[in-house]
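Worksheet: the structure to be examined is printed underneath.
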Amino acid sequence: MQLGRTTLSKFLIEQLHEVDDNGQLAGLLVDVAAAVKSIAAMSAKGALGGFHGNIEAVNIQGEVQKKLDVLSNDALIDACEWGGTLAGMISEENEEPIRIPPEFKRGRYLLNFDPLDGSSNIDINVSVGTIFSVLAHDKDSEPTVEDFLQSGRRQMAAGYAIYGPATMLVITVGKGTHAFTLDREIGNFILTHENLRIPPDCSEFAINTSNERFWEPPVSRYVEECKAGKTGIRGRDFNMRWIASMVADVHRILMRGGVFMYPRDTKDPKKPGRLRLLYEANPVSFIIEQAGGASSHGRGPILDLPAESLHQRVAVIFGSRNEVERIERYHAEFDAGEDRPFISPLFSNRSLYRSEA
């Protein structure tokens with residue numbers, strides 16, 4: 001190991017010494033990192049390890065489970081349940097909270113996680129990830145469902161891992177957003193990107209355009225303006241990126257800016273969004289805000305949204321602050337009946353029809 005390099009453990013001790021006297025929070029995050037290493041190893045082996053393919057089951061979301069979904073879920077539970085830091089867990093793959101076995105000491109934290117985000121990409125070798133959120137549990141009793149339904153503002157820590165050409169772990173404990181890269185030779189996560197900052201403006205957006213016919217008008221308005229490029233009211237060209245793995249899309253935004261949207265639509269009117277609040281939207285929002293970006297469900301900050309159920313869904317708009325605020329403004333104008341009708345880019349060069357930004 002090279003001298004002077006900051007490991008994850010050292011970083012957490014330095015970041016948390018004022019608020020984590022007993023070391024439980026740092027210990028929990030180290031346990032999560034251990035699970036990430038296991039998932040990274042399985043992901044890297046892929047078909048060689050027999051980790052590809054589906055199993056004959058669906059999760060609570062009604063989604064067909066991949067083998068690696070289940071193995072990743074097991075890896076996180078096995079790595080975190082025994083350390084005496086947790087009172088309970090919830091996972092995308094489990095309908096009810098996961099209890100800590102009685103033979104293990106119960107701790108003061110709750111862990112919410114999506115064990116493998118973007119798992120539809122597993123079999124085609126595209127980057128996938130793990131997302132997690134840590135909440136406090138200041139009770140001696142076993143946590144109930146209601147104990148997990150905390151505001152996103154109360155998160156003690158959040159992070160994600162991305163399994164790509166390199167395995168990276170991105171973490172915030174409320175003191176900025178920082179990224180660590182797994183050094184496979186020594187088995188440690190090393191700090192490689194300190195205090196990541198998302199630029200306030202960008203020229204990239206990520207959205208699944210196959211759902212365009214279901215979007216609300218404010219989203220259609222924003223996307224059409226981006227597509228119009230230099231000939232439209234934005235006056236510059238935009239690129240569209242869509243990986244269908246939120247972790248990968250968010251990681252790109254952290255590294256170079258942009259905006260990611262999985263907005264509310266009419267495809268399934270019973271669902272206010274597609275992504276889950278407690279273990280997807282809240283942790284990513286915390287990470288994004290700590291990096292200087294913004295996070296919204298279109299009509300307000302995601303972190304202020306009340307949690308009502310373990311697997312609650314929400315619309316999400318993450319990324320460069322000025323772009324997110326513009327999209328929020330379009331929603332507010334639409335709700336107030338003040339938005340202008342969409343003008344086709346065909347007419348945007350003609351001053352008589354040109355809209356103003």
Side-chain angles (χ1 to χ4, degrees), residues 58-63 65 69 73 76-77 86-100 108-117 130-139 141-160 172 174 211 214-216 218-219 246-247 250 260-290 294-318 324 327-328 331-332 334-335:
V58 296
N59 63 16
I60 180 58
Q61 319 298 334
E63 301 162 343
Q65 289 179 306
D69 281 323
N73 196 53
L76 277 156
I77 295 171
L86 283 179
M89 297 177 266
I90 61 170
S91 166
E92 180 187 17
E93 304 298 327
N94 295 75
E95 182 174 2
E96 299 296 332
I98 302 162
R99 295 185 175 186
I100 303 302
R108 290 288 186 175
Y109 293 100
L110 305 173
L111 180 66
N112 308 335
F113 59 87
D114 177 354
L116 205 66
D117 171 72
T130 296
I131 310 171
F132 63 91
S133 167
V134 179
L135 300 167
H137 180 67
D138 297 322
K139 300 178 182 178
S141 58
E142 185 168 311
T144 64
V145 168
E146 288 70 26
D147 291 320
F148 288 92
L149 304 182
Q150 299 184 34
S151 163
R153 298 285 178 198
R154 297 184 63 186
Q155 291 176 100
M156 302 297 294
Y160 67 78
T172 182
N211 291 325
F214 303 113
W215 294 341
E216 290 186 293
V219 175
M246 184 175 70
V247 160
V250 168
F260 171 89
M261 293 172 281
Y262 218 135
R264 176 180 173 183
D265 59 38
T266 60
K267 188 174 184 178
D268 186 345
K270 295 181 292 185
K271 295 178 181 178
R274 293 292 300 278
L275 300 180
R276 272 66 58 154
L277 176 65
L278 293 182
Y279 44 80
E280 291 177 328
N282 271 346
V284 170
S285 295
F286 192 16
I287 292 164
I288 291 286
E289 288 197 4
Q290 284 292 310
S295 165
S296 174
H297 53 84
R299 294 170 171 86
I302 286 175
L303 292 179
D304 293 336
L305 195 66
E308 298 173 349
S309 64
L310 293 183
H311 302 286
Q312 178 178 342
R313 294 177 185 263
V314 62
V316 298
I317 301 164
F318 301 132
V324 174
I327 299 168
E328 275 199 323
H331 280 81
F334 172 73
D335 291 345

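Position 1 is the first residue of the sequence, and the numbers go up from there.
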Of all heavy-atom pairs between [X] and [Y], which one has the smallest distance, and what is that distance?
X: Phe334; Y: Arg299; value: CD2-NH2, 4.2 Å
X: Thr172; Y: Gln290; value: OG1-CG, 3.2 Å
X: Pro283; Y: Leu277; value: CD-O, 4.1 Å
X: Leu110; Y: Leu86; value: C-CD2, 4.0 Å
X: Phe260; Y: Leu275; value: CE2-CD1, 4.1 Å
X: Phe132; Y: Leu111; value: CB-CD1, 4.1 Å

Heavy atoms, side chains only, cut-off 4.5 Å: are [X] and [Y] in contact?
X: Val284; Y: Ser295; answer: no
X: Gln155; Y: Leu303; answer: yes
X: Pro97; Y: Phe148; answer: yes
X: Val219; Y: Phe214; answer: no
X: Glu216; Y: Pro263; answer: no
X: Phe113; Y: Ile98; answer: yes

**Q.** Aromatic ring proximity Tyr279/His311, centre distance under 6.0 Å
**A.**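 Centroid separation for Tyr279 and His311: below 6.0 Å.
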Distance, nearest 0.5 Å, that separates [atom1] of [X] from [atom2] of [Y]:
X: Leu135; Y: Arg108; atom1: CG; atom2: CZ; value: 15.0 Å
X: Arg313; Y: Arg264; atom1: CZ; atom2: CZ; value: 15.0 Å
X: Leu310; Y: Ile90; atom1: CG; atom2: CD1; value: 5.0 Å
X: Lys139; Y: Thr144; atom1: NZ; atom2: OG1; value: 5.5 Å
X: Leu149; Y: Leu278; atom1: CG; atom2: CG; value: 6.0 Å
X: Asn282; Y: Ser151; atom1: CG; atom2: OG; value: 7.0 Å

Q.
Going by the rule side chain to side chain contact (heavy atoms under 4.5 Å, CB included), which residues pair with Ser309 if we only count those two or more places apart in sequence or in a different chain?
A.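 Applying side chain to side chain contact (heavy atoms under 4.5 Å, CB included) to Ser309 gives Gln312.
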Under the 3.5 angstrom rule, does the side chain of [X] hit a backbone N or O of [Y] as a donor-acceptor pair?
X: Asp335; Y: Ala332; value: no
X: Asn94; Y: Glu96; value: no
X: Gln150; Y: Ala136; value: yes
X: Asn73; Y: Glu93; value: no
X: Thr130; Y: Pro115; value: yes

Q | Name of the residue among Val316, Ile131, Ile288, Ile287 meeting side-chain contact (heavy atoms from CB on, under 4.5 Å) with Val250 | A |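 Of the listed options, the one satisfying the test is Ile288.
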Q. Passes side-chain contact (heavy atoms from CB on, under 4.5 Å), Met246 versus Tyr262? Steps please.
A. CA-CA 9 Å; Met246 184 175 70; Tyr262 218 135; over 6 Å; no
Q: Kindly write out the residues that satisfy salt bridge (Lys or Arg N to Asp or Glu O under 4.0 Å) with Arg153, not counting sequence neighbours, or none if the list is empty.
A: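 Expected list: Glu289, Asp304.
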Q. When you check the gap from the basic side-chain N to the acidic O, do Asp114 and Arg276 get nearer than 4.0 Å?
A.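 Here Asp114 does not pair with Arg276 in a salt bridge, since their nearest N and O are not under 4.0 Å apart.
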